[in-house]
Amino acid sequence: MSSDVSHCVLLAKNLDLRRHLASEIERLKGRVHFVDHRSGHEDDVTLAVAWYPHDDAFAHYPNLKAVCSIAAGADSIVMNPSLRDGIEVVRVVEPAQAEMMSTFVVWHVIWHQRRFATYLAQQRDRVWQRLGQRITSEVSVGLLGYGAIGARVAADLAALGFPVKVWSRSPKPTPGGITGFHGTGGLALMLAETEVLINLLPLTAETANILNADNFGRMKRGGYLIQVGRGEHLVEADLLAALDSGQLSGASLDVFVGEPLRRDHPFWSHPGIMLTPHDACDVTLPAVGETIWATAQAVKAGVRPKDAVDRVRGY
């Protein structure tokens with residue numbers, strides 16, 4: 001095999017990456033040679049594709065230079081205990097994914113604004129009763145996370161007339177119509193002005209459990225949660241308590257600590273919760289293939305790959 005061909009190992013606990021990426025593996029044939037974990041090519045491997053790899057996965061590849069996620073999120077890789085210093089972690093960045101996420105989130109914001117959950121219940125009970133209407137400027141929206149996807153969601157909501165506020169770890173410039181907050185103090189200030197809270201954060205040690213009783217309590221009473229970050233962001237018992245007390249009027253949940261959600265989980269039957277099966281958005285397979293190839297080229301050139309995450313920050 002030519003020395004110009006990159007050797008890439010497939011690392012995942014519960015997903016058949018060879019089957020999942022079959023079209024891209026075929027498209028990259030002759031440029032990238034994909035090998036299975038522990039298949040005898042350990043010293044040749046300089047690149048990996050991973051999704052929730054085993055805890056010791058990276059320890060077997062002494063010449064590994066970079067790892068590609070198959071999604072925008074890379075927390076399962078960054079937090080892996082066998083990931084050594086000096087190995088770049090690369091996520092997939094695709095404009096189409098931001099568009100899909102934005103349309104999903106906007107739909108749920110409007111679902112709350114126009115009280116469609118109540119209308120659906122009234123339809124089941126054959127009740128004809130108008131609930132009154134609120135214009136978008138009366139429904140304040142707060143976003144946790146202001147990366148590429150958060151910027152698209154915020155812009156689309158602002159264009160519809162919703163008052164939009166965004167929170168990030170450090171200060172970021174925001175265009176007109178969008179108010180930025182940052183840091184611990186900024187989070188409390190934003191939540192105090194927020195009716196609909198949208199979580200788009202990456203999962204890090206600092207953001208785990210951020211959707212908790214204290215932060216729900218800082219929101220406007222009767223608020224609404226749209227959870228599209230990571231399951232570990234949410235303290236589930238705190239959400240149920242906030243719903244049952246009326247602090248929150250409802251929640252749209254797309255991500256969970258355990259997936260698929262177990263059949264006896266209380267979220268299934270709670271009247272204030274709408275569930276979707278981790279389907280808010282996804283990257284396309286061609287985008288994953290392009291990321292793998294671009295990363296392979298960067299590794300060969302000895303330069304930092306495009307869209308590599310900050311290992312310290314976790315995103």
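As the structure is a computational prediction, the values presented were derived from the model and not from experiment. Only this structure's heavy atoms are used, side chains among them; waters, hydrogens and symmetry mates stay out.
Distance check: L15 CG to Y52 OH gives 11.5 Å after rounding to the nearest 0.5 Å. Between T276 atom OG1 and M274 atom CE the span is 8.5 Å, to the nearest 0.5 Å.
Tracing side-chain contacts under 4.5 Å through hydrophobic residues (I, L, V, M, F, W, Y), one reaches I292 starting from L10; they form part of the same cluster. Both I273 and L261 belong to a single network of hydrophobic side chains, linked directly or stepwise wherever heavy atoms of I, L, V, M, F, W or Y lie under 4.5 Å apart. When hydrophobic clusters are built by joining Ile, Leu, Val, Met, Phe, Trp and Tyr residues whose side-chain heavy atoms come closer than 4.5 Å, directly or via intermediates, F181 is grouped together with I210. Residues Y61 and L47 are members of separate hydrophobic clusters, defined by side-chain heavy-atom contacts under 4.5 angstrom among Ile, Leu, Val, Met, Phe, Trp and Tyr.
Counting heavy atoms from C-beta on, the side chains of E94 and M100 never come closer than 4.5 Å.
By the 4.0 Å N-to-carboxylate-O rule, R152 lies close enough to D156 to be salt-bridged with it. Ion pair R262/D264 flagged as a salt bridge, since at least one NZ, NE, NH1 or NH2 atom sits closer than 4.0 Å to an Asp/Glu carboxylate oxygen.
Across all their heavy atoms, T291 and C68 have their closest contact at O-SG, 4.1 Å.
A donor atom on one side chain and an acceptor atom on the other are found under 3.5 Å apart for D244 and H270.
Using the six-membered ring where Trp is involved, Y224 and H112 have ring planes that are tilted, between 30° and 60° apart.
In terms of modelled atom types and a separation under 3.5 Å, the side chain of K172 and the main chain of Y146 share a donor-acceptor contact.
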